[in-house]
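A short worksheet on the structure shown next.
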Amino acid sequence: MHESSTQIPIKKGQRFADALGRKDGEIVAARFNGSLFDLSSISPSDGTFEPVNVHSKDGMRILRHSAAHLMAQATLQIYPKARLNAGPPTEDGFYYDIMMDPISSEDLGNIEKAMKKLAEENIPIVREEKSKDDLLRLFHDNPFKIDKIRDNVPDGSKSSIYVQGNFKDFCTGPHVPSTGYLKNVKLLSLASTNYKGDEKREKLVRIYGTVFPSDKELKDYLKMREEALKRDHRKVGQEMDLFVFSSERAPGFPLYTPNGTIIRNELIAFMHELNARNGWQDVSTPHIFTDTMWKQSGHYAKYKDNMYTFEFKDGTGYAVKPMNCPGHITIFEREPHSYRDLPVKYSEPGQVYRYEKSGEVGGLTRPRTFTIDDGHGFMRADQLVDEIKSIIEMTRETFRLLGESKLDFELSVMDEDQPENYLIEYVCQKCGTVFHARKVAGEGELQCPSCGSDEISPDLSKWKEATESLRTALKESGIVYEELKGEAAFYGPKIDVHVADAIGRKWQCSTIQVDFMMPINFNLQYVNQAGKKENLVMLHRAVFGSYERFMAILIENFAGNLPTWISPMQVFIAPVSEKYLEYSEKVLADMLKKGIRAHLDRGTDTLNKKLKMIRSKRPSYIVVVGERELESGNITVRNRKNEQKEMTVSGFMDAISMEIRERSPVQAI
RNA sequence: GCCACUGUAGCUCAGCAGGGAGAGCAGCUGAUUCGUAAUCAGCAGGUCGGGGGUUCAAAUCCCUCCAGUGGCUCCA
C-alpha cells in the first residue's frame with residue numbers, strides 16, 4: 001500500500017484541489033488536521049494537508065465507498081422502487097444493502113453495465129451541506145435513511161449529502177471527485193440480509209462488488225480470487241481423498257478416509273506432545289451423558305435446541321456432548337484438591353456434536369461434529385496470568401506449523417452497560433449474602449436467594465480481575481490485539497485467535513476463556529493454606545480450536561502440498577516399467593520398515609502417466625526406479641520443487657526421517 | 001432458520017424453447033514394457049437429488065421436500 005506523508009500548504013477558504021495544483025488521478029482526497037476531505041472542499045483554516053493516494057488504505061476505502069454509491073445509482077436507475085439502506089467499503093470491495101424484489105445474478109450484469117456507463121459519463125460527485133429538516137424532507141420516502149438521519153444528526157445541526165447527477169445519498173464522505181474514477185468495477189455476488197441484522201426486520205438484498213484504480217489491478221484481483229478457489233479445502237480434500245460427506249446419511253458430518261485420518265492423527269500426536277510439555281494431562285471422556293449433567297452445567301437451559309438429545313427405553317434422558325468441560329469436571333471432582341495441587345490441567349481430543357442450522361454448515365470449517373483439542377485448567381486466580389501466557393506460547397508454537405501465517409488476537413470483554421448479558425456476582429445489602437446470577441431480560445428484579453431482599457448490588461471485581469489477567473498476559477507476551485467490548489462469553493472474558501482461509505474468511509481457531517460459571521454450577525473448590533475451602537477459577541482453552549477447522553486451514557495454507565511429516569503420501573515410488581517392480585518392492589519395504597508412508601505404483605501405465613495421475617494426491621517426494629537405479633542400487637528422488645537427485649536408499653531415508661521427526665515445514669531434499 | 005444460486009456416471013461437465021441419457025478422465029479387459037505432467041483399443045458404468053403434478057410423452061415445464069455453495073443470523 002502506498003502511504004505518503006507529503007504535506008502541502010493551504011490557506012483558509014482555498015479548495016484542496018487548487019492547493020494541490022497539479023491534476024493527478026491518483027489523488028482522491030485530502031487529509032487535513034487528521035480528518036479526510038473531498039478535493040473539492042474548502043479548507044477551514046490555514047495549514048498543511050496530505051494528499052490521499054488512491055492506493056493508500058484510506059484511498060482504497062474512498063474509492064470503494066464511492067463505487068458503492070455508483071452501484072446504488074445504477075440500481076435505482078433500473079429499479080426505481082428500490083430503497084437504499086447502507087453501502088460501506090469492505091476489506092476488498094464494497095456492498096450495498098437495498099430493499100427491493102429479489103434479483104438474480106443475471107441482473108447483476110445489467111447493473112454493472114449501467115455502472116460502467118455512468119462511470120464513462122464522468123459525472124462530478126458533489127458534497128452539499130443540509131440542515132436536519134432538509135435531510136428529512138429529501139429522504140422522506142426512505143425509512144432507512146430517515147432512521148440514520150434521526151440517529152446521527154443532532155437537532156439544529158447540519159450534515160451532508162453527496163450528489164452525482166440525479167442521484168443523492170446521505171453520507172459523510174469523502175468521495176472521489178467524479179464517477180470517472182470508478183471505471184474498473186466488478187459486481188461479484190448477491191446475498192440477503194435483514195435490516196440491522198434482525199431477522200424480524202425488513203429483508204434486504206446485499207450486492208457485493210469490488211473496484212480498483214486500474215483495469216490491471218482488477219484483473220489481477222479476479223485471477224487471485226480464482227486461484228484461491230482452487231485451494232479450497234473441500235476441493236483439495238476431494239483430490240487428495242481425505243474425507244467424504246454423505247448428504248443423505250450424515251449431513252454436515254465429515255467422515256475421514258485413510259489419508260485424512262493420517263493428517264488427523266499427526267495433528268493429535270503433535271498436540272499430545274505439546275500438551276505434555278506444558279503440563280496438560282491426557283484424559284478421555286464419553287460422548288454421551290445423562291441430562292442431569294447438562295441441567296447442572298447449564299447447557300440445557302441455554303443450548304438444548306442445538307444439542308442432540310434422546311430418551312432411552314428405560315426413560316433416562318441423554319444428550320450427546322456439545323462440550324467437553326462437564327466431563328473434565330467430573331474427573332476433577334473425584335477427589336479434594338489442595339492449593340498445592342493447582343493448577344490441574346486436563347486435555348483431550350474431545351469430539352463434540354452441535355446442531356448447526358442448515359444454512360450455517362459447511363465443509364470442515366463449520367461441521368456438525370468436530371474434535372476440539374480441548375483443555376480445562378482448574379486453578380487459583382493468582383495463577384491465571386502465567387497459565388494464559390503459557391497457552392499463548394503454545395498457540396504461537398502451533399501456528400508455526402503453517403509457516404508464515406497471520407494471527408489476529410482478540411480480547412473479548414464485557415459491556416458494563418449491559419450487565420444482563422453476563423453472569424455476575426451480587427452482594428445483598430441486607431444480609432450480606434454473596435451470590436451469582438444472570439439477570440434475564442423481562443424477568444423482573446433479582447432478589448437475594450437467602451433473605452429475598454431486592455437491595456442487591458453487583459460486584460464486578462472478579463470480572464475485572466479476570467479481564468486484567470488476560471490483558472496482562474497478552475501484553476507480557478508482546479501480542480498486538482484488538483479489544484472487543486461486549487463480545488465476552490456470558491460466563492467470562494476470553495481471548496480468541498482468528499486465521500484466514502483461502503478466500504480471506506476469518507475463522508476462530510485458538511481460544512482462551514476464563515470461566516466463573518462452571519466452578520459455581522459444580523461447586524468446584526480447593527482447600528487453601530488455612531484449611532478453608534475456596535472457589536477456584538476455570539480456564540477453557542483450545543489451541544488448534546478444532547481439528548477439522550485447523551485441517552481445513554492447513555490444507556488451504558499449503559494448497560494441499562503439506563509438509564512431509566503430515567503428508568499422507570510421503571513417498572510415491574514409480575517404477576519405469578514392470579521389469580523394475582522387484583527392486584521397487586524392496587525399496588518400498590525398506591521405507592515402510594522405517595515408518596515412512598511410501599506408496600508403490602504397481603500398474604502398467606507409462607512413467608509419464610503415473611506421474612500425471614499421482615499429481616492430485618500431492619506426494620511429498622517422487623521416487624523413480626529404472627535400469628540405472630537397479631544397477632547402482634540407488635533411487636532418483638524428485639521434490640516438490642521438481643528438483644531431481646540420485647541418492648542411495650539409506651541416504652534418502654535418513655534425510656526424510658530427520659525432516660519428519662523435526663516436523664519441518666520445508667523439505668530436506 | 002432467511003435470501004440467491006446449484007444438484008445428470010467415482011470425478012469434471014455437456015444435454016434443458018418436452019420426443020433416443022452423452023463426453024473426457026478414473027475403473028475393468030487386452031495389447032504396449034516405456035526415464036519424469038496423459039501409449040493404443042475394447043468393455044462396463046446413471047432411480048438425471050427425492051416426491052408430486054401438467055402432458056400422448058418430463059433430465060428438460062410447475063409445485064414441494066432434501067442436500068450443497070455464497071452471504072445474513074448464529075457459533076457455548
Side-chain angles (χ1 to χ4, degrees), chain A residues 90 95 97 100-108 188-201 203-208 229 232 234-235 238-239 241 244-252 294 297-307 321-326 352 354-363 365-368 370 372 489-492 494 496 503 505 507-508 511 513 515 517-518 540 545-546 549 572 574-581 603-616 622-629 636-638 642-644 646:
Chain A
T90 62
Y95 66 80
D97 286 347
M100 61 195 294
D101 290 331
I103 55 171
S104 75
S105 36
E106 282 161 40
D107 302 319
L108 280 191
L188 298 169
S189 64
L190 270 172
S192 105
T193 174
N194 294 76
Y195 185 47
K196 295 192 171 171
D198 181 347
E199 55 184 295
K200 289 180 205 86
R201 301 295 300 264
K203 198 160 298 306
L204 307 171
V205 172
R206 176 173 293 184
I207 305 175
Y208 283 91
L229 286 176
D232 189 307
R234 286 164 296 203
K235 189 174 166 59
Q238 162 104 274
E239 290 169 359
D241 189 24
V244 291
F245 282 91
S246 168
S247 59
E248 282 122 45
R249 297 177 183 173
W294 302 117
S297 70
H299 286 105
Y300 253 33
K302 200 163 159 53
Y303 297 109
K304 193 173 181 207
D305 286 349
N306 295 313
M307 291 167 65
K321 65 177 171 183
M323 284 191 93
N324 299 300
C325 29
V352 298
R354 300 178 185 179
Y355 178 79
E356 304 285 356
K357 290 188 263 175
S358 57
E360 293 159 350
V361 188
T365 40
R366 195 84 187 266
R368 285 189 172 128
F370 53 96
I372 309 173
F490 71 91
Y491 52 74
K494 59 176 182 171
D496 290 327
I503 22 179
R505 288 178 298 197
W507 296 96
Q508 184 198 305
T511 184
Q513 310 181 353
D515 181 6
M517 180 183 73
M518 288 291 167
H540 303 242
S546 87
R549 191 172 279 183
F572 174 72
V576 172
S577 84
E578 281 176 288
K579 280 195 268 181
Y580 313 106
L581 246 183
T604 59
D605 288 328
T606 60
L607 183 63
N608 278 330
K609 180 76 175 274
K610 286 172 184 168
L611 298 175
K612 170 81 184 180
M613 292 314 297
I614 204 62
R615 186 181 163 215
S616 65
I622 291 173
V623 162
V624 171
V625 176
E627 189 64 34
R628 269 205 316 270
E629 290 77 10
T636 300
V637 179
R638 172 167 153 183
N642 289 328
E643 296 159 344
Q644 277 173 234
E646 191 170 329

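At the heavy-atom level, A:Gly252 lies under 4.0 Å from the strands shown only through sugar-phosphate atoms. Here A:Thr193 lies in heavy-atom contact (under 4.0 Å) with sugar-phosphate atoms only. Contacts of A:Tyr208 with the nucleic acid, taken as non-hydrogen atoms under 4.0 Å apart, involve only primed sugar atoms and P, OP1 or OP2. Within the 4.0 angstrom heavy-atom criterion, no nucleotide atom of any strand lies near A:Glu239. Nucleic acid contact class of A:Phe245 (heavy atoms, under 4.0 Å, all strands): none. Nucleic acid contact class of A:Arg638 (heavy atoms, under 4.0 Å, all strands): base. Using a 4.0 Å heavy-atom distance criterion, A:Arg249 is classed as making no nucleic acid contact. The residue A:Gly363 sits close only to the backbone: its heavy atoms come under 4.0 Å of sugar-phosphate atoms, none of a base. Within the nucleic acid shown, A:Glu629 comes within 4.0 Å of at least one base atom, counting heavy atoms only. Residue contacts shown for A:Lys302 are absent, as no nucleic acid heavy atom lies under 4.0 Å away. Residue contacts for A:Gln238: at a heavy-atom cut-off of 4.0 Å it reaches the sugar-phosphate backbone alone, with no base atom in range. Residue-level contact check: A:Val361 touches the backbone only, with heavy atoms under 4.0 Å from sugar-phosphate atoms and none from bases.
Pair assignment for B:U54 gives none, since no Watson-Crick or G-U wobble pairing has each distance under 3.5 Å. Pairing of B:C72, defined by two Watson-Crick or G-U wobble distances under 3.5 Å, is identified with B:G1. If you check B:C25 for Watson-Crick or wobble pairing at under 3.5 angstrom, you find it paired to B:G10. For B:G18, there is no paired nucleotide, since no Watson-Crick or G-U wobble pair has both relevant distances below 3.5 Å. Figure legend. B:U32 is base-paired to no nucleotide; pairs are counted as Watson-Crick or G-U wobble with both atom distances under 3.5 Å.
Proximity of A:Lys304 to A:Trp294: side-chain heavy atoms (C-beta onward) are nowhere separated by under 4.5 Å. Here the side chains of A:Leu229 and A:Lys235 are not in contact, with every heavy-atom distance at 4.5 Å or above. Counting heavy atoms from C-beta on, the side chains of A:Val624 and A:Gln644 never come closer than 4.5 Å. A:Thr511 has its side chain out of reach of A:His540: every pair of non-hydrogen atoms, C-beta onward, lies at least 4.5 Å apart. In this structure, A:Met323 and A:Tyr303 have side chains that are not in contact, with every pair of non-hydrogen atoms separated by 4.5 Å or more.
With both ends at atom P, the span from B:G51 to B:G15 equals 25 Å, rounded to whole Å. Spacing between B:G27 and B:G68 at atom C1', rounded to whole Å, works out to 26 Å. Nucleotides B:G35 and B:G20 place their C1' atoms 48 Å apart, quoted to the nearest Å. Comparing B:A58 with B:C13, their P atoms are spaced 28 Å from each other, to the whole Å. When the C1' atom is used for both B:G19 and B:A23, the distance is 22 Å, rounded to whole Å. Taking the C1' atom of each, B:C43 and B:U47 are spaced 24 Å apart, rounded to whole Å. B:G24 and B:A14 have their C1' atoms separated by 11 Å, with the value rounded to a whole Å. Separation of the P atoms belonging to B:G50 and B:C66 is 15 Å when rounded to the nearest angstrom.
In this model, the phosphate group of B:G71 is not approached by any side-chain N or O of A:Ser189 to a distance below 4.0 Å at OP1 or OP2. Regarding contacts with the backbone of B:U36, every side-chain N or O of A:Lys610 stays at 4.0 angstrom or more from both OP1 and OP2. Residue A:Thr604 places none of its side-chain N or O atoms closer than 4.0 Å to OP1 or OP2 of B:U33. Side-chain N/O atoms of A:Arg505 include one lying less than 4.0 angstrom from OP1 or OP2 on B:G71.
For A:Lys610 (side chain) and A:Pro575 (main-chain N/O), a donor-acceptor pair under 3.5 Å exists by modelled atom type.
For A:Arg366 and B:C74, a side-chain-to-base donor-acceptor distance below 3.5 Å is present, hydrogens and geometry of angles not being considered. Contact of A:Lys612 with B:A38 (side chain to base): a donor-acceptor pair of N or O atoms is detected under 3.5 Å. With hydrogens and angles ignored, no donor-acceptor pair under 3.5 angstrom links the side chain of A:Glu356 to the base of B:G1.
In terms of position along RNA chain B, the nucleotide closest to A:Lys609 lies nearer the 5' end than the nucleotide closest to the other residue of the pair A:Asn194 and A:Lys609. When each of A:Tyr355 and A:Gln513 is assigned the nucleotide of RNA chain B bearing its nearest heavy atom, the one mapping closer to the 5' terminus is A:Tyr355.
Between the P atom of B:U69 and the CG atom of A:Leu229 lies a distance of 13 Å, rounded to the nearest Å. What separates CD of A:Glu248 from P of B:U47 is a distance of 13 Å, to the nearest Å.
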